[in-house]
Asks: 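If you scroll down you'll find the structure; I have some questions about it.
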Amino acid sequence: MLDYLSVSVGGFANNTSANLRADGSVRGSGTPLDFSRDLGQGGTRALPYLDVTWRPWDRHEFEFTYYHDSHDASRYLDRSIQFNEQTLALGAQLDSRFTLDAASVIYRYWAWIGDQGAFGIAAGLQAYRFSLKLSGTAFASNGSGTESASGSRSAHVSSDLPDPSIGISYRYQFANWVRFVGDAGAFKADVDQVDATLYNARVGFEFYPVEHFGIVTQYAFNKINADVTQSKFNGDADFKFRGFQLLLKARF
């Protein structure tokens, strides 16, 4: 029913949607930025994904997951924005670079284990480390084009968004070659000057053409809304990561 040790690697078709406001030293002074509309950072990208589980005792299991995202985009500003105490002017060419490292460590206690199903409770830590750099360059010229000038501004923010989670897990073995996987969790906490609310869910199926090797198809959803008061980032961040995962799994 449950694995002693498993390693899954593959792809995560991650669709990122986010809103971020970087205030600098003056609370509430930043312009809310929509990653898709304002930065061109939205959409679906294929990311490498890692998942490792270890169950050293019958009812006790640990799980580690990790993925990384990095993307460059450009937009032409149709409004002025305030970002970390820098003004990026109307009409500027806006270049952005966004990076993300997302990891989780989860402890799972299987309270009930049957012949075909298992139910457990889980507690863990979701950790997100993000970085966003904006560079804006504005150009101006006289009517004849004989004289021109340009000006550039740039600003950068980065932060860790740690948030604990509590949830439930369910597994059901339909047959020797197929198993259902379901997890869900949520939590709200103030950790390291980050007041965050987290929701996460995962649902899918594992197919095993041979005993120790299989294919995992699942859908994952993670949402974190964080109010941050740190030195490198003071503002508000709202991230959603969701999409299908296709993984190759080795289990023992």
Side-chain angles (χ1 to χ4, degrees), residues 1-17 41-71 98-110 113-130 165 167-185 198-224 239-252:
M1 250 308 301
L2 300 173
D3 306 324
Y4 166 70
L5 176 68
S6 74
V7 178
S8 301
V9 294
F12 179 17
N14 179 40
N15 182 284
T16 300
S17 58
Q41 287 282 354
T44 301
R45 292 189 290 275
L47 309 176
Y49 189 86
L50 171 67
D51 185 298
V52 179
T53 67
W54 179 44
R55 189 168 60 96
W57 302 285
D58 188 44
R59 296 184 180 273
H60 304 273
E61 183 177 83
F62 300 90
E63 182 175 15
F64 170 79
T65 69
Y66 175 79
Y67 63 93
H68 171 82
D69 189 12
S70 179
H71 189 247
F98 174 69
T99 62
L100 171 77
D101 291 284
S104 69
V105 178
I106 300 168
Y107 164 74
R108 191 172 287 115
Y109 175 74
W110 293 108
I113 303 175
D115 293 336
Q116 290 181 278
F119 176 82
I121 55 176
L125 180 68
Q126 306 277 338
Y128 302 91
R129 173 175 292 178
F130 79 91
S165 67
I168 57 175
S169 298
Y170 181 69
R171 307 289 185 266
Y172 188 81
Q173 192 84 28
F174 287 97
N176 290 336
W177 57 274
V178 59
R179 178 165 61 192
F180 170 79
V181 175
D183 299 282
L198 172 78
Y199 304 95
N200 61 79
R202 174 177 63 177
V203 61
F205 292 90
E206 301 175 350
F207 302 94
Y208 296 98
V210 294
E211 182 180 1
H212 295 293
F213 298 94
I215 298 172
V216 179
T217 59
Q218 59 189 16
Y219 182 85
F221 172 85
N222 290 272
K223 172 180 169 60
I224 183 170
F239 292 106
K240 293 180 184 177
F241 312 106
R242 60 191 183 274
F244 284 97
Q245 299 173 351
L246 181 62
L247 311 174
L248 298 178
K249 181 173 182 176
R251 62 171 184 170
F252 308 95

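Note that this is a predicted model, so its numbers are computed, not measured.
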Asks: Would you check if the side chain of His68 reaches a backbone N or O of Leu100 as a donor-acceptor pair within less than 3.5 Å?
Replies: yes
Asks: I'd like to know if the side chain of Arg59 reaches the main chain of Trp110, judged simply by a donor and an acceptor atom lying under 3.5 Å from each other, with no hydrogens or angles considered.
Replies: yes
Asks: Between Arg55 (side chain only) and Leu2 (backbone N and O only), is there a donor and an acceptor less than 3.5 Å apart?
Replies: yes
Asks: Would you say the side-chain atoms of Arg251 pair up with the backbone N or O of Glu211, donor to acceptor, closer than 3.5 Å?
Replies: yes
Asks: Val105 and side-chain contact (heavy atoms from CB on, under 4.5 Å): which single residue from Tyr66, Phe62, Phe64 fits?
Replies: Phe64
Asks: According to the interplanar angle, ranging from 0 to 90°, do the rings of Phe241 and Tyr67 count as parallel (below 30°), tilted (30 to 60°) or perpendicular (above 60°)?
Replies: perpendicular
Asks: Strictly distance-based, threshold 3.5 Å: is any side-chain N or O of Gln116 a donor or acceptor partner for the main-chain N or O of Gln173?
Replies: yes
Asks: Just wondering, do Gln41 and Thr16 contact through their side chains at under 4.5 Å, heavy atoms?
Replies: no
Asks: Rounded to the nearest 0.5 Å, how far apart are NE2 of His212 and CZ of Phe252?
Replies: 7.5 Å
Asks: Side chains of Asp51 and Thr65: is there a donor and an acceptor less than 3.5 Å apart?
Replies: no
Asks: Taking only residues two or more places apart in sequence, or in another chain, which ones meet Lys240 in a side-chain contact (heavy atoms from CB on, under 4.5 Å)?
Replies: Ser17, Lys223, Arg242
Asks: With side chain to side chain contact (heavy atoms under 4.5 Å, CB included) as the criterion, how do Glu63 and Thr53 come out once you've worked through the C-alpha distance, each side chain's angles and the decisive distance to 0.1 Å?
Replies: CA-CA 4 Å; Glu63 182 175 15; Thr53 67; 3.7 Å; yes
Asks: Quick check against the 3.5 Å criterion: does Arg171 have a side-chain atom that pairs as donor or acceptor with the backbone of Gly182?
Replies: yes
Asks: For Ile224 and Gln126, run side chain to side chain contact (heavy atoms under 4.5 Å, CB included): C-alpha distance rounded to whole Å, both residues' side-chain angles, the deciding distance at 0.1 Å, then the answer.
Replies: CA-CA 9 Å; Ile224 183 170; Gln126 306 277 338; over 6 Å; no
